[in-house]
There are 2 protein chains.
Amino acid sequence: MTINKPKEPRERILEAAVALFAQRGYAAVGVREIGKQAEVNIAMISYYFESKVGILKAILEDFFDRYSLIFADIKDLDISSDDCIRLIIRRIVEFVRGETNLALVGYNELPLDVPEIAQLKAKKVTEIISQLGWLMGRFNLDPVKDGWKMGIIGPSLISMVVMNFRLRPVMQRVFQLTFDDAYYEKLVETLSTLFLDGVHGIAAQNEADSGEADG
Amino acid sequence: MTINKPKEPRERILEAAVALFAQRGYAAVGVREIGKQAEVNIAMISYYFESKVGILKAILEDFFDRYSLIFADIKDLDISSDDCIRLIIRRIVEFVRGETNLALVGYNELPLDVPEIAQLKAKKVTEIISQLGWLMGRFNLDPVKDGWKMGIIGPSLISMVVMNFRLRPVMQRVFQLTFDDAYYEKLVETLSTLFLDGVHGIAAQNEADSGEADG
DNA sequence: ATAAAAATTAAACAAACGTTTGTCAAGCAT
DNA sequence: ATGCTTGACAAACGTTTGTTTAATTTTTAT
């Protein structure tokens with residue numbers, strides 16, 4: 001559970017904070033606990049991040065910047081709209097899988113009112129939404145006239161993926177699942193089908209699969 | 001902003017707590033602030049709820065019980081699978097619209113580790129998931145063999161709806177929207193189409209609409 | 001009218017909070 | 001050797017936290 005010591009204090013603080021914030025939320029975690037888990041004196045938190053909220057700022061900036069990278073080169077790729085969606089979903093899943101705690105903190109703290117980071121959030125969210133505008137055009141949607149639809153569909157996409165990780169501790173008690181490469185491959189496939197063709201698409205795929213297996 | 005006084009103290013405490021928890025999160029709100037907003041002495045919180053976490057327990061129980069009602073009579077209705085989904089989405093939207101703060105607290109606190117309510121959460125989530133089993137059968141899904149799909153699709157449904165309300169404060173700066181009856185009608189329609197037929201369904205509907213308007 | 005019960009209050013509690021302080025040791029140029 | 005900077009530390013700062021106590025008012029029942 002303890003962090004690898006050799007790393008620099010600043011990085012150890014970030015890692016510890018991300019893990020703790022993801023588990024219990026920003027407000028529920030004290031600087032002493034962060035310092036303890038990072039094997040660092042509490043004073044170093046003020047030294048490197050000015051304040052506790054400074055840690056959250058650094059974490060959210062990291063989250064948004066890396067999340068933005070998902071869409072960065074999408075426009076330049078010469079692929080179909082469907083493959084475009086599939087690629088985005090694959091990248092989101094890979095991102096959230098690789099940095100689960102970071103993504104959970106970003107997602108969980110996003111709607112909470114923390115005055116010191118309100119501006120940061122608004123700026124970053126606007127950036128990401130504007131990136132989605134181009135994608136909409138490929139699905140007969142006018143970014144201006146149908147903007148409200150983008151406000152529904154876009155957030156739905158990210159929430160669909162993250163929800164899977166958010167509920168993992170609870171879900172693990174209900175279903176017996178091993179979260180290995182094979183599972184994530186199926187997750188990407190299922191979410192892509194669901195987002196592209198809905199539950200009807202899922203049902204059709206299921207029929208095709210069972211028909212293949214039976215015949 | 002102040003709560004109507006005539007109500008009973010217990011209810012005033014709940015209302016104030018739900019509003020504050022929704023805005024800033026359970027851990028970030030103190031009992032003194034709850035007491036102040038509820039116009040109640042702090043000691044009344046211990047008196048009526050034993051402790052601060054007792055308030056959260058009461059809130060989550062209320063949330064889950066009312067959320068369960070959404071699916072309660074679904075089995076008895078003689079409607080198509082699609083209409084079934086549409087009805088569920090309509091009810092979820094209506095529920096979250098009518099009790100936005102309650103839903104936000106339930107959704108936001110669900111993945112956070114608060115030992116005192118871990119058991120409550122596990123129990124209620126299991127209840128709701130089991131209710132979804134029946135619905136899956138109507139879409140060629142085997143609740144046993146395809147259980148993991150239910151673990152993906154089910155949570156996606158609720159998260160799609162709630163995400164819309166979670167991001168409202170941030171979204172309102174980006175799009176100029178009035179959240180009136182007409183908007184929610186479109187929200188139900190869009191989410192239903194998205195969940196049933198994906199973005200392809202949305203695109204098809206858009207083409208049909210514009211064709212109707214042009215012709 | 002009166003006693004018991006319930007509801008409400010102000011005040012105080014120890015514990016935990018985020019932050020600041022002053023100090024010390026090591027590294028480095030002068 | 002000297003003075004200066006930087007990284008790290010323990011200790012203490014004043015608040016705020018959730019909770020409890022004991023006293024007081026209000027309600028209920030007899």
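Residue numbering restarts at 1 for every chain, and letters A, B, ... go by the order of the sequence lines.
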Residue pairs, two or more places apart or on separate chains, that pass side-chain hydrogen bond (donor to acceptor under 3.5 Å, both in side chains) and touch residues 115-135 of chain B: B:D65-B:K124
Touch class at under 4.0 angstrom, heavy-atom based, for A:Y48 against every strand present: sugar-phosphate
Nearest-Å distance for atom pair NZ/C1', residues B:K36 and D:dT17: 16 Å
Check: A:V29 main-chain N/O paired with A:K52 side-chain donor or acceptor under 3.5 Å: yes
OP1 or OP2 of C:dT8 under 4.0 Å from side-chain N/O of B:Y47: no
Distance in Å, A:L132 CG paired with A:I153 CD1, rounded so as to fall on 0.5 Å steps: 9.5 Å
Exceeds 12 heavy-atom contacts within 6.0 angstrom, atom CG of A:D78: no
Euclidean distance, atom CE of residue B:M44 to atom P of D:dA22 [Å, nearest integer]: 19 Å
Whole-Å distance separating the CZ atom of B:F21 from the C1' atom of D:dG18: 12 Å
Minimum-distance pair of heavy atoms, taken over all atoms of A:F63 and A:L102: CD1-O, 3.8 Å
Whole-Å gap separating P (C:dT8) and CZ (B:R10): 13 Å
Side chain A:R166, main chain B:Y107, donor-acceptor under 3.5 Å: yes
Base versus backbone protein contacts along nucleotides 17-24 of chain C [heavy-atom cut-off under 4.0 Å; B, S, -]: BBBB----
